[in-house]
There are 2 protein chains.
Amino acid sequence: MDGETRAEILDATNRALCEHGYAGLTVQRIADESSMTSAAIHYHFDTKEELLNAFLDDLIERFESKLSCGAADPRKRLDTVLDAVFSPKDPESDGFPVAIMELKAQAPYHELFRERFLDFDGVMRGVVADIVRDGVAAGRFDEADPEEVARLITTMSNGAHARAVALDEHPAETRRIVEDALELRLGWTPGEGADG
Amino acid sequence: MDGETRAEILDATNRALCEHGYAGLTVQRIADESSMTSAAIHYHFDTKEELLNAFLDDLIERFESKLSCGAADPRKRLDTVLDAVFSPKDPESDGFPVAIMELKAQAPYHELFRERFLDFDGVMRGVVADIVRDGVAAGRFDEADPEEVARLITTMSNGAHARAVALDEHPAETRRIVEDALELRLGWTPGEGADG
DNA sequence: CCCGACTTACTGACTGGTCAGTTAAGAGGC
DNA sequence: GCCTCTTAACTGACCAGTCAGTAAGTCGGG
């Protein structure tokens, strides 16, 4: 299959999922969001489930790539993670919290989904814990348990996404609370990483 | 309608929702979990939507009642909230995180659901903020912004439920992190409220 | 004390519509 | 002429909701 065609179907899936939710997601509606018919989509993906697996893979992969930046400074690296997680509604990944929540709610009935979310959670917690460990070792952060800080950030991220979907609340509301908590633990003040 | 019949239908809805998810929830499956036929359920509730609204009302009402205890001690009151939110799998309300997540994921497409979740979030944040305010005023807690503490706890609660569903993680994992954060802010050590 | 009228709670059979997935018949580039 | 891709038309399964009919109970009148 053409990479462009694949991207178009996955993109149409994202729009259809955000607009109608998982329960209202049909192959016809994905087709409506693309330039193809539902039969064309079945030509490229044998089953709806196969398409959804590919979609979740793509979604997580794109998100993981946003967690890292080239910088060495732990504060800048932590800032990059917070940007990715509590990102303002950027035009490229708009609807990300909705799409991911719709799929998360299916995890109990979809072993493959659950595995991917578990894997991704491990990656994200690892990234944060590494940053904290490096920052503490370099004397840039106060002493703190890296695993515990990672768990705080990821759980707050999960909460922010749930709130964005269920309460239509902007994730930045949560970012402020997380930054305050990090300041208490790491002596880290928001924005300081970028300025000096 | 008989209160007992209503309770049976709502209970069957809970089981069917947890077992099949929102997307797989059909009136037939609710009927299968009860002692009635699907036509009998339509006799009591005109539409599936009406039944789901009643179910969510009941779910939230039962949860709100668990947030308060008779005690006056702020530490005991905060402990009660944490018990309700990060409750171990008790036989009575088992599947609560799953049921509530399935419905939360529908909030963007269901204005009535969204309104109820917003209302409930306000109640919960109010309960926590009141406890913190009282505790600070009584000198039992260190100085802290009640609204910010309330937002931390509710967002961590949202995150814990999302993780329980998507990662099959026990909410108690999150409780530990929340208690550590509260200790930092309020000088509150877990269990101290119960002992003296 | 019993009878007919009415109500409540329910059933099994059904309907119109929608779903995922299939199939056969091409269109258009190489 | 073949291969990739797309289409319209279709199938069988399943959905929410309807409907006619039934069984059990309530209640006022004689």
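In what follows, chains carry the letters A, B, and so on, assigned in the order in which the sequence lines appear, proteins first and then strands, with residues in each chain numbered from 1.
Taking atom CD of residue B/Glu4 and atom C1' of nucleotide C/dA9, one finds them 14 Å apart after rounding to whole Å. As rounded to whole Å, 17 Å separates atom C1' of C/dA20 from atom NE2 of A/His44. Per the geometry, CZ belonging to A/Phe45 stands 15 Å off P belonging to C/dT22, to the nearest Å. Atom CZ of B/Arg29 and atom C1' of D/dA13 are 12 Å apart (whole Å). In this structure, CD1 of B/Ile41 is placed 13 Å from P of D/dC15, rounded to the nearest angstrom. Between B/Gln28 atom CD and D/dG17 atom C1' the separation is 13 Å, expressed in whole Å. Taking atom CD1 on B/Ile30 and atom P on D/dA16, their separation rounds to 8 Å, with Å as the unit. Separating the OH atom of A/Tyr22 from the P atom of C/dC19 is a distance of 14 Å, rounded to the nearest angstrom.
Distance from the side chain of B/Thr26 is smallest for D/dC15 among the nucleotides D/dT6, D/dC15, C/dA20. Considering only side-chain atoms of B/Lys48, the nucleotide from D/dG17, D/dT6, C/dA20 that sits closest is D/dG17. Here the side chain of A/Tyr43 is nearest to one of D/dG17, C/dC10, D/dC5, namely D/dC5. With distances taken from any side-chain atom of A/Ala40 to the nucleotides D/dC5, D/dT7, C/dA9, the minimum falls on D/dT7. Residue A/Thr47 places its side chain closer to C/dG21 than to any other of D/dT6, C/dG21, C/dT8.
Place A/Ser38 and B/Ala39 on DNA chain C by their nearest nucleotides, and B/Ala39 ends up nearer the 5' end.
A/Thr47 is not listed as a side-chain neighbour of A/Leu52, based on a closest heavy-atom distance of 4.5 Å or more. Side-chain contact between A/Val136 and A/Pro146 is absent, with no heavy atoms from C-beta onward closer than 4.5 Å.
Taking the charged nitrogens against the carboxylate oxygens, B/Asp73 and B/Arg140 do have a contact shorter than 4.0 Å, which makes a salt bridge.
B/Arg185 pairs in a salt bridge (Lys or Arg N to Asp or Glu O under 4.0 Å) with only one of the listed residues (B/Glu179, B/Glu148, B/Glu143), which is B/Glu148.
When heavy atoms are screened at a 4.0 angstrom cut-off, A/Leu51 is found touching no nucleic acid atom at all. Backbone-only contact: B/Leu25 has heavy atoms under 4.0 Å from sugar-phosphate atoms and none from a base.
The phosphate of C/dT23 has neither OP1 nor OP2 within less than 4.0 Å of any side-chain N or O from A/His42. The phosphate of D/dT6 (OP1 or OP2) has no side-chain N or O of A/Thr37 nearer than 4.0 angstrom.
A parallel orientation is assigned to the rings of B/Phe63 and B/Phe96, their planes being inclined by less than 30° (bins at 30° and 60°).
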